Amino acid sequence: MNFNLEPCGKNRYRLSPYGDMQVEALVFLSPKLKAQFGESEALKQLADAASLPGVVSPVIGMPDIHTGFGLPIGGVMATDSKTGVVSAGAVGMDINCGVRLLRTNLEAKSLTTGKLEKLLAAIEKRVPSGVGKSSLYREFREADLEAVTHQGAAYFIRRGYGFPEDEASIEAGGALPGADLKAVSQQARERADQLATIGGGNHFIEIGEVEKVFLPEVASVMGLQEGQVTILIHTGSRGFGHQICTDYSARMAQAASKYGIRLPSKGLAAAPIDSPEGRQYLAAMACAANFAFANRQLITFLVREAFEEVLKLSLEEIGLELVYDVAHNIAKFEEHKGRTLLVHRKGATRALPAGHKENPARYLATGHPAIIPGSMGTASYVVIGTERIGETFNSVNHGAGRIMSRKKAKSSLSPEELQESLKGVLLRAKNLRSLLDEAPVAYKDIDEVVGTLVDAGLTKPVARLKPLAVIKGEGDEG
DNA sequence: ATGTAC
């Protein structure tokens, strides 16, 4: 199938009409990304999304777009809250996969390799990584699931697992409204024993350094400065959210015909927002989103504990304050041009513009940080949306974006090549072969991807972070 | 992403 992209502005393309598209689809690519872009399947997925009932123009492909289940990863789909649909596949399997950035008072040059190794070990001792791992601590494995899923990060912050001020630096305050555990299957509840674990795939905990500040005044509001040690935590709702997506995708596929919805693909199974299936999915999705906020909160608590133990300093001295925590797989009701829309972001990060009332008070004048993790061993970015960010429903990309499938990476790369590409970044992993699909060469160039939206006038980089040491969860050896 | 296959 040939999908044609017509240029329609700087780094901006419009997908030529295809099938039953009701609205436009836009894709943001730099000339270099355009030249290497071969993902016709991802474009078909955008066209499919643009054909769903109640979809609002335009459906958007971010510069990190690649084929996903239903909607591409790097996709934004907004639907009208009254006439539109909700799709579990357009949120993704890992509901509220997201990134949290912590700042410190430490200078990167004060951390020797030996100290970094001790820090990684102290974190690893507390936070399991890898597929299928459950929490090391009974109080987390057996936490009151209704309270966790309804209250999110605040449930644990109020019990001492965090600073009271953490809550204000989390998207949606760390708890999406409308969560209802009654909408969650027994099978999903049985997979809720993974709080305070990072999982596998692209998830990680990274100790890094602010390598470059681009906007000193904004960086200062965020407490960031060059040479400073930072922590990134990238994980989501683990098996719990995965099961909820699986359950509701199947239910929506089954229910679609009774609502007269023609499904363009199985992955885009959808139900009217105002239907039992739609409402229950959103209630269950909010449970998974809140579980993920709680997960990142508990990991934060354990990272703080690890730093105190290794550095033998107080948290007051170390810092480790939360800069921000932002989701990149989620659907939320948001106001755009006077309409209430359900904005599905799958591999896309919210970035509210300066002055938007949903920013936390401390970021009202700047816009909150949008955190964009690079692949293992490469830089990450903190960006803000510009006054034009409404053109993408206040959304930016979520990472570098895969350029090589997991399967291809596993078969064509060697552990030696992976080690070489890490360029001295400390990596805690027993088995490099299981991480080949996470090799930097399997991903697009993060500078190019971030630069695409910057040049399109939608974002501004605030700071670039470079990795010093990283914990990755292992997968299988494929 | 994922008890990586019901």
Side-chain angles (χ1 to χ4, degrees), chain A residues 42 45 64-75 87-99 128-136 141 184-195 197-205 233-251 253-254 266-269 284-285 287-289 291-293 295-296 299 327-331 344-349 373 375-376 397-402 404-411 431 433-439 442-443 471-478:
Chain A
Q45 294 182 329
D64 53 344
I65 184 172
H66 55 103
T67 306
F69 171 67
L71 194 70
I73 294 151
S87 168
V91 169
M93 286 292 191
D94 189 4
I95 296 167
N96 191 5
C97 188
V99 194
S129 66
V131 174
K133 293 290 192 335
S134 52
S135 174
L136 285 177
R141 284 197 305 275
V184 174
S185 69
Q186 188 54 36
Q187 202 181 353
R189 292 178 203 212
E190 284 165 10
R191 297 181 67 177
D193 61 349
Q194 298 180 320
L195 283 170
T197 67
I198 61 174
N202 59 1
H203 293 170
F204 63 77
I205 299 174
I233 298 163
H234 181 191
T235 185
S237 52
R238 313 283 288 101
F240 182 63
H242 190 278
Q243 189 62 47
I244 288 170
C245 180
T246 304
D247 292 344
Y248 277 93
S249 222
R251 264 187 78 186
Q254 201 173 23
K266 199 177 166 194
L268 276 173
M285 183 206 74
C287 286
F291 184 90
F293 285 133
N295 186 25
R296 294 194 288 271
I299 293 170
H328 52 232
N329 280 5
I330 205 159
H344 300 67
R345 296 191 181 91
K346 180 177 183 182
T349 312
S375 60
M376 171 169 55
N397 59 300
H398 86 305
R402 194 164 270 290
M404 198 187 283
S405 71
R406 291 194 184 276
K407 197 172 165 183
K408 184 166 176 219
K410 295 243 187 214
S411 64
N431 186 354
R433 190 167 290 282
S434 81
L435 289 176
L436 292 177
D437 53 343
E438 288 298 317
Y443 284 85
I471 295 171
K472 289 285 289 186
E474 293 177 32
D476 67 52
E477 295 185 29

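Labels below follow one simple rule: chain letters A, B, ... track the order of the sequence lines, proteins then strands, and each chain is numbered from 1. From a predicted model like this one, the values you see are computed outputs, not experimental measurements.
Distance CZ (A:Arg406) to P (B:dT4): 15 Å, rounded to an integer number of Å. Following rounding to the nearest Å, A:Glu438 (CD) and B:dT4 (P) show an atom-to-atom distance of 18 Å. One atom, CE of A:Met93, and another, C1' of B:dT4, lie 11 Å apart when rounded to the nearest Å. In this structure, A:Gln243 atom CD and B:dA5 atom C1' are separated by 14 Å, rounded to whole Å. At whole-Å resolution of the value, CG in A:Asp247 and P in B:dC6 are 12 Å apart. The CD-C1' distance, from A:Gln194 to B:dT4, rounds to 13 Å in whole Å. One atom, NZ of A:Lys346, and another, C1' of B:dT2, lie 13 Å apart when rounded to the nearest Å. Atoms NE2 (A:His242) and P (B:dT4) sit 9 Å apart, rounded to a whole Å.
Taking the six-membered ring wherever Trp is involved, the centroid distance between the rings of A:His328 and A:His234 falls below 6.0 Å.
Under a 3.5 Å cut-off, the side chain of A:Asp64 and the backbone N or O of A:Arg402 do not form any donor-acceptor pair.
Under the side chain to side chain donor-acceptor pair (under 3.5 Å) criterion, A:Asn397 pairs with no residue at all, not counting sequence neighbours. Considering only residues two or more places apart in sequence or on other chains, A:Gln254 meets the side chain to side chain donor-acceptor pair (under 3.5 Å) condition with none of them.
Counting non-hydrogen atoms under 4.0 angstrom, A:Gly200 reaches the backbone sugars and phosphates but no base. A:Gly68 comes within contact range of no nucleotide atom at all, as no heavy-atom separation falls under 4.0 Å. Within the 4.0 angstrom heavy-atom criterion, base atoms lie near A:Gln187.
Between A:Arg238 and B:dT2, a side-chain N or O to OP1/OP2 separation shorter than 4.0 Å is present.
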